[in-house]
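Chain identifiers are assigned alphabetically (A, B, ...) following the order of the sequence lines, protein sequences preceding nucleic acid strands; residue numbering begins at 1 within each chain.
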Amino acid sequence: MITSLNTSDIYTIIVRVADVIVRNKDYLTQLDAAIGDGDHGINMDRGFELAVERLKQLDINNSDIGTILMTVANALLEVVGGAAGPLYGMFFMNMATVASGKKEVDLQTLTTMFEQGLRGVQDIGGGTQPGEKTMVDTLYPFVEELKKQAASNSNDIALAFANALKAAENGMIATINMIAKKGRASYLGPRSVGHQDPGATSSYLILKTFYDYIKEKESKG
Amino acid sequence: MITSLNTSDIYTIIVRVADVIVRNKDYLTQLDAAIGDGDHGINMDRGFELAVERLKQLDINNSDIGTILMTVANALLEVVGGAAGPLYGMFFMNMATVASGKKEVDLQTLTTMFEQGLRGVQDIGGGTQPGEKTMVDTLYPFVEELKKQAASNSNDIALAFANALKAAENGMIATINMIAKKGRASYLGPRSVGHQDPGATSSYLILKTFYDYIKEKESKG
Amino acid sequence: MIKKLINTPGEEVREMLEGMALAFPEIIRLDPQWNNVYRAYKKPSYKVALVSGEPAHAGYVGYGMLDAAAAGATFTSPTVPQVLAAIKEVATEAGVLVIIKNYSGDVMNFTSAVKMAQAQGIKVDYVVVNDDVSIAEKEKRRGTTITVLVHKIAGAAAEEGWSLSEVKRVAQKVIDNGRDIGVALTPCSVPAAGKYTFELGPDEIEFGIGIHGEPGVQRIKYIQSKDLAKIMVDKIAEDLGLKKGDEVFLVVQGTGGTPYMEKFVFYRDVRKYVESLGLKVFGSWIGEFMTSLEMQGGRVAILRLDEELKRLLTAPAYTIAVRITGPMTLPVVT
Amino acid sequence: MIKKLINTPGEEVREMLEGMALAFPEIIRLDPQWNNVYRAYKKPSYKVALVSGEPAHAGYVGYGMLDAAAAGATFTSPTVPQVLAAIKEVATEAGVLVIIKNYSGDVMNFTSAVKMAQAQGIKVDYVVVNDDVSIAEKEKRRGTTITVLVHKIAGAAAEEGWSLSEVKRVAQKVIDNGRDIGVALTPCSVPAAGKYTFELGPDEIEFGIGIHGEPGVQRIKYIQSKDLAKIMVDKIAEDLGLKKGDEVFLVVQGTGGTPYMEKFVFYRDVRKYVESLGLKVFGSWIGEFMTSLEMQGGRVAILRLDEELKRLLTAPAYTIAVRITGPMTLPVVT
Ligand SMILES: Nc1ncnc2c1ncn2[C@@H]1O[C@H](COP(=O)(O)OP(=O)(O)O)[C@@H](O)[C@H]1O
Ligand SMILES: Nc1ncnc2c1ncn2[C@@H]1O[C@H](COP(=O)(O)OP(=O)(O)O)[C@@H](O)[C@H]1O
Ligand SMILES: [Mg+2]
Ligand SMILES: [Mg+2]
Ligand SMILES: [Mg+2]
Ligand SMILES: [Mg+2]
């Protein structure tokens with residue numbers, strides 16, 4: 001059973017996120033073309049490419065999880081631009097703040113990290129709520145489920161993430177039938193219905209990468 | 001046997017030419033799109049529409065063939081523009097000069113009219129010769145054959161025009177395999193091969209309208 | 001792939017800015033670290049500095065308009081540190097006015113940068129342009145063409161040495177009195193994406209588009225220029241509550257790939273219709289001021305004028321895209 | 001049908017000119033009988049009058065350039081009586097110079113009109129612009145972008161009161177020292193035809209095009225902006241025999257539907273390559289000066305300069321498309 005993640009775990013996860021994003025670059029861009037301006041995959045890829053480049057220059061042994069995540073946040077803020085830049089920038093920055101100085105985090109801390117990350121997104125997004133067809137529709141149920149799991153006194157990170165990811169996936173899928181209320185898709189009004197939100201999708205891919213790594217680590221024992 | 005054409009014949013022929021042009025407007029334009037700038041049908045139609053409008057204002061009983069043809073020439077010069085405007089303008093103007101004051105023309109005079117018309121085209125075209133993929137490839141063999149027919153002391157206009165039109169048709173078809181040396185198509189060099197010249201085609205349509213009318217008049221006796 | 005006169009996709013903004021700086025070194029200066037464009041010549045320390053975003057705005061940097069344009073990737077808002085760098089570069093004692101277009105991304109990045117600049121002791125304020133009348137809810141309206149008139153009018157005020165709060169007041173006045181609306185006949189394509197942002201049938205028009213190739217608020221059947229002109233002008237006139245005798249300024253433009261011929265035919269139709277409503281046309285800009293790459297289509301913007309706006313609108317400016325050097329004196333001949 | 005911001009096809013030239021005259025009544029005047037555009041304000045009687053054709057040239061009528069532009073139907077030379085009317089309208093005692101583009105139609109219509117005007121006792125001469133370097137035989141070369149520089153330079157000379165023969169001499173000097181070449185990435189469509197003039201594959205370019213939507217001299221595979229820039233500049237430099245140290249003026253333009261971004265990326269590449277050949281760039285025009293409706297593509301024109309041409313090129317002009325009012329004096333700040 002996995003009960004904590006350390007600096008090196010988080011480092012590896014971010015590297016894998018970058019890889020997942022590059023492989024889904026066209027897909028995310030296509031989703032954005034349907035209801036936005038067709039750049040979400042390109043934006044995310046530009047950010048995570050720089051994030052990994054910066055991470056590679058870090059001395060991992062002398063870094064904590066906060067440093068890793070702050071490096072990611074700064075890279076995203078620096079080159080992503082658009083809506084996704086500040087949204088994910090604040091997401092990782094808030095996570096970093098919680099993890100500051102920590103070389104290891106348990107389920108409780110991870111939950112707080114994601115909770116604060118979500119809050120960062122909601123705040124900079126102008127008070128974004130679930131149901132507005134954004135990345136919040138993925139992140140919010142994920143965090144809610146994680147909180148539930150952590151509250152039930154569980155330490156099992158893999159189990160908690162498995163359940164939270166399911167909630168996140170449902171949230172992502174639910175965006176298909178929503179009318180967008182925030183972001184560029186909201187200009188389309190009812191025409192936005194029938195399309196999955198690109199940001200909700202990239203959030204899901206990021207969360208899934210966390211879970212896939214944890215599961216892999218667990219199976220390796 | 002038809003041995004002369006009068007003012008009213010020429011008037012009717014021009015009205016029919018206008019009709020033939022409007023029905024072939026798209027076809028001529030498409031031919032021009034392939035090796036020119038895609039406006040030949042539009043240009044010709046604009047000209048003949050005005051020519052007919054002007055003819056309708058003429059008092060035919062007090063007009064001679066020269067007046068009819070000069071009216072056509074002026075209308076074409078006035079609104080066709082492009083290459084076709086001055087080319088056909090001079091064609092009809094030179095025909096008009098020969099027919100000036102005449103209310104009836106025989107094969108000899110008709111031959112001279114077309115000969116001078118052709119010369120007008122060649123002169124303003126900058127000395128255009130057959131083989132350069134232009135309307136001259138239709139007009140030149142037509143005139144040569146007409147001259148031959150008239151020289152053999154025939155008075156039979158229908159027969160002479162039948163033979164001359166055949167020569168004109170062959171001339172038109174021969175433009176397909178020519179490399180353009182004059183006009184817009186010449187910029188394409190060898191790329192102009194394989195396409196029938198729009199001007200050669202409109203010339204053929206005009207000559208064919210003359211012949212069709214003559215044949216019809218003959219059959220009516 | 002969609003053919004474009006560019007090199008490696010993703011490099012196009014940088015290379016465009018390089019081209020502009022090569023062509024107009026006397027007007028703009030390119031900061032290669034941030035893809036920010038700054039006015040090339042000195043400005044007085046009493047002058048409020050004006051900052052805006054998007055590659056297009058590089059054409060409005062110079063005397064009488066912007067001091068800095070922060071260019072993001074194609075159709076992407078510039079980033080927080082990039083905007084912050086621009087603010088810091090041009091800040092004067094008089095302060096900085098940041099002109100933000102009301103797009104989620106722009107608002108987030110620019111307001112974050114403004115907060116950081118304020119935290120660093122820089123005097124900075126901002127306005128948000130939301131002129132796109134195609135969207136019903138006012139707070140959601142995008143910032144489009146009127147942004148350029150804000151640059152022009154606030155820029156002239158700043159050049160005259162107005163205070164930050166006064167420059168902001170007149171900028172907000174332009175926003176309050178200006179509206180824009182756009183249509184697309186064809187889509188456009190972001191180089192790095194290599195695909196069109198939407199597909200349109202041969203008899204369809206996207207009505208109420210933004211400036212980043214997004215689909216419009218509505219898809220309508222093709223109608224002629226004069227019918228479009230009427231619908232578009234009506235939307236604006238109604239929203240602004242324009243009345244007979246009001247004096248207005250028109251901006252009629254293509255969307256990047258619109259030929260001159262169509263712009264002037266469309267202008268004719270807009271102008272005739274505007275005048276038929278009893279409005280007085282003080283002047284017009286016709287051309288390309290806020291475009292969406294190769295998209296074919298048109299935009300109309302109308303600004304209601306008063307004496308203050310008229311004077312500032314026609315004050316001198318010297319940028320790549322807008323040059324107003326005062327009425328030309330012709331040799332007098334009798 | 002191909003969607004355009006126009007009304008009834010066939011009316012587009014007239015309506016475009018109406019739009020221009022509505023927007024710029026202080027610069028041009030439209031003669032509705034002939035679709036001719038005349039300079040709106042008086043010219044001195046000592047001034048040679050300049051006449052040219054094509055709708056596009058309406059943008060170049062005004063102080064320091066043309067006195068009349070005779071606009072034919074879209075992509076069609078104006079007619080003989082139309083050109084004659086233009087010559088008669090603007091003729092002065094000093095005479096008229098007619099600037100003809102070397103297209104069969106234009107040459108026939110314009111030279112016929114010149115002959116008729118001469119027969120009517122008007123002092124009139126002409127030059128034929130044949131700058132399109134994509135065609136090998138010099139006599140066949142079309143007249144394209146250099147025509148606009150002839151308007152500019154001969155126009156400045158005329159404004160200074162030069163004689164007809166002197167204005168003609170300098171016009172011919174521009175022709176002798178200027179070359180142009182163009183490429184198309186997409187075709188265009190004449191409204192009345194409603195069809196594209198040619199079809200291009202997604203990786204094809206028409207190389208060596210004219211300005212009326214005709215196909216080019218050659219069809220080539222898509223290559224990047226900088227590779228196109230090199231080939232196009234090389235063709236011109238070779239034909240003009242340009243040598244290191246020569247001073248040149250660049251005109252880099254789209255073909256009507258080319259977005260700003262691509263024009264400036266392309267300009268960057270042309271400029272860098274031109275400078276790599278050791279040529280000195282005196283100045284540039286970047287934009288749309290001689291276009292083919294909505295076609296996407298690019299043109300490069302280069303004019304070799306001497307002191308006379310430099311002075312006339314930068315002399316004042318005040319037309320719809322070209323405004324040169326002298327270097328702007330900025331407030332001096334220290
Ligand atoms: N106000 C907001 N709150 C939360 N998420 C938002 C908000 N605005 C946009 N988003 C998210 O950002 C995504 C778009 O990102 P991206 O395409 O990179 O930016 P842009 O819209 O500026 O082009 C949307 O799919 C949505 O999930
Ligand atoms: N110099 C010339 N001599 C004879 N015919 C010519 C010449 N130049 C062009 N043509 C004819 O004109 C036709 C094109 O007419 P049109 O399309 O109306 O004019 P434009 O080429 O100006 O668009 C060509 O197909 C050709 O037959
Ligand atoms: Mg986007
Ligand atoms: Mg033609
Ligand atoms: Mg974007
Ligand atoms: Mg033509």
Side-chain angles (χ1 to χ4, degrees), chain A residues 25-47 49-50 73-90 93 120-126 128 132 134-135 180-192 195 199, chain C residues 9-10 34-35 53-54 70-85 103-113 116 132 134-137 139-142 187-199 206 208-219 292:
Chain A
K25 183 174 164 181
D26 284 353
Y27 171 57
L28 292 172
T29 297
Q30 259 169 272
L31 289 177
D32 194 33
I35 53 171
D37 59 349
D39 61 2
H40 187 57
I42 302 166
N43 294 343
M44 294 297 283
D45 179 46
R46 192 169 51 237
E49 194 187 327
L50 181 68
N74 282 328
L76 299 185
L77 279 174
E78 206 169 304
V79 296
V80 174
L87 288 164
Y88 280 117
M90 293 316 293
M93 190 172 287
V121 169
Q122 293 182 287
D123 284 354
I124 191 142
T128 315
E132 299 186 321
T134 69
M135 53 179 67
K181 299 282 177 204
K182 283 268 158 64
R184 218 175 270 278
S186 67
Y187 310 137
L188 288 177
R191 283 182 81 185
S192 64
H195 301 277
Chain C
W34 292 109
N35 267 9
E54 305 253 340
T74 301
F75 290 166
T76 303
S77 156
T79 67
V80 178
Q82 184 183 354
V83 176
L84 184 61
Y103 273 96
S104 329
D106 291 72
V107 172
M108 290 184 225
N109 286 287
F110 278 83
T111 55
S112 302
M116 290 188 191
D132 173 17
S134 68
I135 293 168
E137 297 130 280
E139 331 71 62
K140 269 209 188 151
R141 289 181 177 170
R142 295 168 281 209
C188 64
S189 62
V190 176
K195 293 209 180 69
Y196 288 112
T197 49
F198 52 80
E199 307 228 326
E206 281 287 334
I209 54 164
I211 53 171
H212 301 136
E214 317 97 301
V217 165
Q218 207 184 335
R219 186 165 289 199
S292 306

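Counting heavy-atom pairs closer than 4.5 Å to chain C, the top residue among K182(A), R46(A), K25(A) is R46(A). Highest contact tally toward chain C, considering only A84(A), G82(A), A34(A), is held by G82(A) [criterion: heavy-atom pairs under 4.5 Å]. With chain C as the partner, the residue from A33(A), P86(A), G183(A) showing the most heavy-atom pairs under 4.5 Å is P86(A).
Contact annotation for T197(C): both backbone and side-chain heavy atoms come within less than 4.5 Å of a heavy atom of chain A. Both the backbone and the side chain of K140(C) come within contact range of chain A, with heavy atoms under 4.5 Å apart. Of the two parts of A185(A), neither the backbone nor the side chain holds a non-hydrogen atom closer than 4.5 Å to a non-hydrogen atom of chain C. Looking at R141(C), neither its backbone nor its side chain comes within 4.5 Å of chain A, counting heavy atoms on both sides. Only the backbone of Q218(C) comes within contact range of chain A, with heavy atoms under 4.5 Å apart. Only the side chain of V190(C) comes within less than 4.5 Å of a heavy atom of chain A; its backbone N, CA, C and O stay farther away. For chain A, the nearby parts of P215(C) are the backbone and the side chain; heavy atoms of each come within less than 4.5 Å. For I42(A), the part lying near chain C is the side chain, with the backbone staying farther off; criterion is any non-hydrogen pair under 4.5 Å. Heavy atoms of F75(C) lying under 4.5 Å from chain A belong to its backbone as well as its side chain. Of the two parts of S134(C), neither the backbone nor the side chain holds a non-hydrogen atom closer than 4.5 Å to a non-hydrogen atom of chain A. Of the two parts of E139(C), neither the backbone nor the side chain holds a non-hydrogen atom closer than 4.5 Å to a non-hydrogen atom of chain A. For chain C, the nearby part of R191(A) is the side chain; its heavy atoms alone come within less than 4.5 Å.
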Set out, in order, the CA-CA distance, both residues' side-chain angles and the distance that settles side-chain hydrogen bond (donor to acceptor under 3.5 Å, both in side chains) for T79(C) and N109(C), then state yes or no.
CA-CA 6 Å; T79(C) 67; N109(C) 286 287; 5.8 Å; no
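For the residue pair H212(C) and R142(C), no side-chain donor N or O sits within less than 3.5 Å of a side-chain acceptor on the partner. Looking only at atom types and distance, the side chain of Y103(C) has a donor-acceptor partner in the side chain of E214(C) under 3.5 Å away.
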